[in-house]
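Structure, as structure tokens:
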Amino acid sequence: MSPEDVPMNDSFQPDGSEDHTEKIDPENLDASLPAINLKNENHGSSDAEGSETEDNAADTISNTSINPDQESTFSGEEHANSLVKSINSSEFHEAIVLEDSKSLVENSGKREPFSNIRLDDLIGMIKNAEKNILLLNQARIRALEDLDKILTEKEALQGEINILETKLAETDARIKVAAQEKVHVELLEGQLEKLKNELSERHAIEGIEHDMNKNDGKQPFGEFHSLHKELKSLRKENLLLKTDVETLKETLSIVKETDERVEALEKERSSLAASVKDLEFKLTVANDEVSRISNLKKECMDLWEKIEDLQGLLDSATKQADHAISILEETRDLRKKVTRLEESLEEANSYRVSSEKIKYYNELMQQKIKLLEERLQRSDEEILSHVQSYQDSVKEFQVILTSLKEERKRRASDEPVDDMPWEFWSQLLLLVDGWLFEKKISPSEARLLRKMVWKRDGRIYEAYMACKGKNNPEIRAALVNLVSSGVRAGLHVIHIAAEMAPIAKVGGLGDVVTGLSKALQKKGHLVEVVLPKYDCMQHDRVNDLRALDVLLESYFEGRLHKNKIWVGTVEGLPVYFIEPHHPSKFFWRGQFYGEHDDFKRFSYFSRAALELLLRAGKKPDIIHCHDWQTAFVAPLYWDLYASKGLNSARICFTCHNFEYQGTAPAKELSSCGLDAHQLNRPDRMQDNSAHDTVNPVKGAVVFSNIVTTVSPTYAQEVRTAEGGRGLDSTLNFHSRKFVGILNGIDTDAWNPSTDNFLKVQYSADDIQGKKENKQALRKNLKLSMDDPMQPLVCCITRLVPQKGVHLIRHAMYRTIELGGQFVLLGSSPVQHIQSEFEGIANHFRSHPQVRLILKYDEALSHLIYAASDMFIIPSMFEPCGLTQMIAMRYGSVPITRKTGGLNDSVFDVDDDNIPARFRNGFTFLSPDEQGVSSALERAFDYYTMDHESWRELVYSNMKIDFSWDSSAEQYIELYEQSVARARTGANRA
């Protein structure tokens, strides 16, 4: 695969983004520099001469760098010219380096490739080096150009500053003169005031002669007039001086701003000088890398020489092998000829012996013919006597046959009817329960009718079929007439659960409830299921869904609430659905889990389910509850309902995943009627890590008679501090009733020979259809179809940390590198994980080898199982896991981590400690990328190197029995032991 298909650089991100080279802004040069580097210290592209020239260019730059202390003598233009020359010289030699590298690649293409990946890496690294050096040179030139502009602006500003300083000196002189004139004006004003006072006194004097006034008054009034004019001129000049002073102040502020700008430019010049020095250092590092590249070129040449030598040895060895093969063929021909001669010799000997025997046999035959003729005559006589006796026996046989027919008719009504489907008996059972709820028959009649249905009594079958087409009262009357004592056929088991496949399925819990119930039913036990009636369940998958004409009341939060009861059959199993008439609309939320009040929703359902069993008069042997959602059943049963008469059952609790325990504040427990004060104790329901919190799973472990989990290995893991999620001490204390039973799969639903979701159905004996499904999936997802034998690795999972999402991501990239295709189906409830994989999906949207479908699609999941060659399951922990079992049933080889149920069902093909007949996949232990890569690489080698062994592995995997048969037997054994202990205890009491 080419580097364009799969990015080989370290900066590749799984969200589809890569570090693409961008133009560097000189003003942000320091921030952009870390992106300029060579990706691998072993890359090579140039010879020693190019490296030496670039070193000289670097020396030139460093010698002409800016010195802040010598600004007056520095010439920006000369510095720029010298840098451009050195850069041009460096670029010339870089071109030589790249040309040499390209020629090396072209020459390597003409020879036998010794490592395609190494050559691809070399090409990619040379391209990265070329781009980085070019960007570095461009950044230097732009930095120098900006430096020249700054210096020019500085000189212009310096000239303006000189002019302003001259104007400032002139203004200071004018201010001094104006100040002196102002003082003079003030003196003149004082004199003028004195003159005015004197004049006013003179006007007051009476009797002054007119002549005196004319002669004496000319001089003072003339002097006053001249002073007045001088005062006006001084005032005007004073106003002008004020205006000049304001102008000078504005000019001074401009000068200050200019000084500040000059300081800022000086700082910027210093930072640019530092950046240039940093660039010089980077160039030196780059030159070192280029020298390493030249060394790598030499190493490549040496390797090529070694490869040529090895090729020569290989050619000679090949010739010798060809010669040996020709000799072997000649030897085989000789052996065949010898074999033919030996056969001819044996045949000739046999003919010789047979001719002698023929004469002897003829004599014997003559004697036998005579004897036969005598016997034939005697036999004719005997036949006549036998015919007579035969006629007598026929008459006797007809009499016996007539009596047998009558006896058979008599016994037929007492024998179970095996040819009717379980769907029929489940519907009949629900019909009887409906009559009981509606109070149309008594509890004793209902109990006896249930027993007849339970044992599939022929009498109730014939009575029901005889009433077919009649109304309900007539059917009810006919069945009630049949009531009589019956024989108990087996155990009565009731599952109370939050999920059931296929109508309400989130994870493996739904598959277990349906699969285990069907297996128990096939073994002759009565099995019923109680579920919430979700608004979002698949109602169309429930047969004969109907509401009973009765409302069931159950206690919650201090009052009684009504519940509507629905009945129907699912996969042939009778199912009761509880629809609460509660203001909170507990199961009308559009989803099964994930609500803020899940604790209340399922504690309500658990109590309503027990109320249903009590009101229906049921007497089950086992009540089987699952996970924290129905873990409340155990304490509710023993604290409240056993004393009310629902006391025949033993409680079995199965935890499918101890990661989810449903903890809540202790006060929430009182909503369903339990005593929170009594149960919030360390030996009961109190959580082991928080004293004010109750743990439903812990309560179920304490109050149940049987506690199971879904695989033996997981049962051991959860009894440790690391795997128990806080419940290890509780599980160890109750270890005598705790066991791990490996789940099975529903082999009716998961059967490639009858699967309607597949394009072509197939089996272990006819595997051709698997190839056609593989091509159909590729076409559907628009993957490359060029190579039918290209391995296809698939994964179907919820994208949560438990499933090892980081290892799934690594497996995807590693599969592409190994030359395979990868398909992922699944989604994540964790937003950041979903967003991350959406980014990866967008990146690979048009990729020919990878496709991610981030949702769950039932039909597509069946096709993926059928199309896949390998199935990756790298879980961090896995209680059981059904994926690996389904994959093997469809002929896909699992690649799994050794944990939980995966460790109990997948055994490595290379593990000599495991008997060969049990080895069925590839496993790894360490939860890291190295472990995944190792298992993937071994699987790919096995697939590509040994096709016959791979076909045998696929065949044996498809023949493994992963049905519920053996698991159901283990559950039945636990049920019967618990029931027997209870009866023994009751008898003693």
Side-chain angles (χ1 to χ4, degrees), residues 421-430 433 450 453-456 489-533 537-538 541-545 566-578 605 609 612-613 616 618 620-627 629-630 633 649-656 706 708-710 741-750 880 882 885 962-976 978-979:
W422 281 105
E423 187 88 14
F424 169 80
W425 298 108
S426 296
Q427 291 176 0
L428 195 55
L429 182 67
L430 293 173
D433 283 342
R450 282 196 201 112
V453 173
W454 188 350
K455 56 184 283 192
R456 292 173 290 166
L491 295 170
H492 183 186
V493 181
I494 297 178
H495 289 275
I496 302 177
E499 294 182 38
M500 182 182 185
I503 59 170
K505 175 184 173 182
V506 175
L509 169 59
D511 293 310
V512 172
V513 171
T514 304
L516 177 58
S517 298
K518 288 172 67 176
L520 293 172
Q521 186 186 64
K522 287 178 182 178
K523 292 182 180 295
H525 302 283
L526 175 60
V527 184
E528 298 173 291
V529 183
V530 183
L531 286 178
K533 189 176 185 298
M537 73 181 190
Q538 297 184 38
R541 305 291 290 272
V542 184
N543 295 325
D544 299 319
L545 179 63
W566 297 72
V567 295
T569 60
V570 178
E571 301 282 325
L573 295 164
V575 184
Y576 301 84
F577 300 93
I578 297 176
F605 166 70
L612 170 67
L613 304 187
K618 292 185 180 291
D621 297 303
I622 298 292
I623 296 176
H624 196 149
C625 48
H626 300 262
D627 277 350
Q629 289 87 355
T630 56
V633 168
R650 307 296 281 173
I651 305 298
C652 178
F653 171 70
T654 298
C655 184
H656 299 255
I706 307 167
T708 71
T709 191
V710 290
I741 300 176
L742 187 67
N743 285 341
I745 60 173
D746 187 343
T747 51
D748 294 330
W750 297 105
C880 176
L882 304 179
M885 302 180 193
F962 284 116
S963 71
W964 271 101
D965 189 65
S966 62
S967 301
E969 286 291 349
Q970 294 180 63
Y971 272 106
I972 291 170
E973 184 178 357
L974 289 176
Y975 293 161
E976 290 177 341
S978 182
V979 170

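As a basis for the values below, the full set of heavy atoms in this structure was taken, side chains included, without hydrogen atoms, waters or symmetry mates. What you see is a predicted model; the values in this text were computed from it and never measured.
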Give the minimum heavy-atom separation between [X] and [Y], together with the two atoms involved.
| X | Y | answer |
| --- | --- | --- |
| Arg650 | Ser978 | NE-OG, 3.3 Å |
| Cys880 | Met885 | SG-CE, 4.0 Å |
| Gln521 | Pro574 | NE2-CD, 4.2 Å |
| Ala498 | Gln629 | CB-CB, 3.9 Å |
| Ala497 | Pro532 | O-CD, 3.5 Å |

Once rounded to the nearest 0.5 Å, what's the spacing between atom [atom1] of [X] and atom [atom2] of [Y]?
| X | Y | atom1 | atom2 | result |
| --- | --- | --- | --- | --- |
| Leu509 | His626 | CG | NE2 | 6.5 Å |
| Ile745 | Asn743 | CD1 | CG | 11.0 Å |
| Cys625 | Ile494 | SG | CD1 | 12.0 Å |
| Asp621 | Cys652 | CG | SG | 13.0 Å |
| Trp964 | Leu742 | CH2 | CG | 8.5 Å |

Kindly indicate whether the side chain of [X], heavy atoms from C-beta on, has any atom under 4.5 Å from the side chain of [Y].
| X | Y | result |
| --- | --- | --- |
| Glu571 | Ser517 | no |
| Phe605 | Thr630 | yes |
| Met537 | Leu531 | no |
| Val493 | Pro620 | no |
| Leu573 | Met500 | yes |
| Glu528 | Tyr576 | yes |
| Val570 | Arg541 | no |
| Asp965 | Lys523 | yes |

Requested in this report: Take Ile622 and His525, measure what side chain to side chain contact (heavy atoms under 4.5 Å, CB included) needs, and give me the verdict at the end.
Outcome: CA-CA 11 Å; Ile622 298 292; His525 302 283; over 6 Å; no
Report task. State whether the side chain of Thr514 and the backbone N or O of Gly510 hold a donor-acceptor pair below 3.5 Å, judged by distance alone. Result -> yes
Requested in this report: Would you check if the side chain of Gln427 reaches a backbone N or O of Thr569 as a donor-acceptor pair within less than 3.5 Å?
Outcome: no
**Report entry** Validation row, ring centre His624 to ring centre Tyr971 under 6.0 Å
**Finding:** yes
**Report entry** Steps toward side chain to side chain contact (heavy atoms under 4.5 Å, CB included) verdict (Glu976, Leu491)
**Finding:** CA-CA 8 Å; Glu976 290 177 341; Leu491 295 170; 3.8 Å; yes
**Report entry** SB check Asp433 Lys618 (cutoff 4.0 Å)
**Finding:** yes
**Report entry** Listed partners of Asp511 passing side-chain contact (heavy atoms from CB on, under 4.5 Å), at least two apart
**Finding:** Ala501, Lys505, Leu882
Query raised in the report: Between Thr708, Val710, Thr709, Val513, which is the residue that forms a side chain to side chain contact (heavy atoms under 4.5 Å, CB included) with His656?
Result: Val710
**Report entry** Residue pair Ile496, Ile623: steps toward the side chain to side chain contact (heavy atoms under 4.5 Å, CB included) verdict
**Finding:** CA-CA 7 Å; Ile496 302 177; Ile623 296 176; 3.8 Å; yes
Requested in this report: Can you run down the ring-ring contact (aromatic ring centres under 6.0 Å, His included) pairs that involve residues 497-520, sequence neighbours left out, and say none if there aren't any?
Outcome: none
Report task. Determine, stepwise, if the pair Val575 / Val542 fulfils side chain to side chain contact (heavy atoms under 4.5 Å, CB included). Result -> CA-CA 9 Å; Val575 184; Val542 184; over 6 Å; no
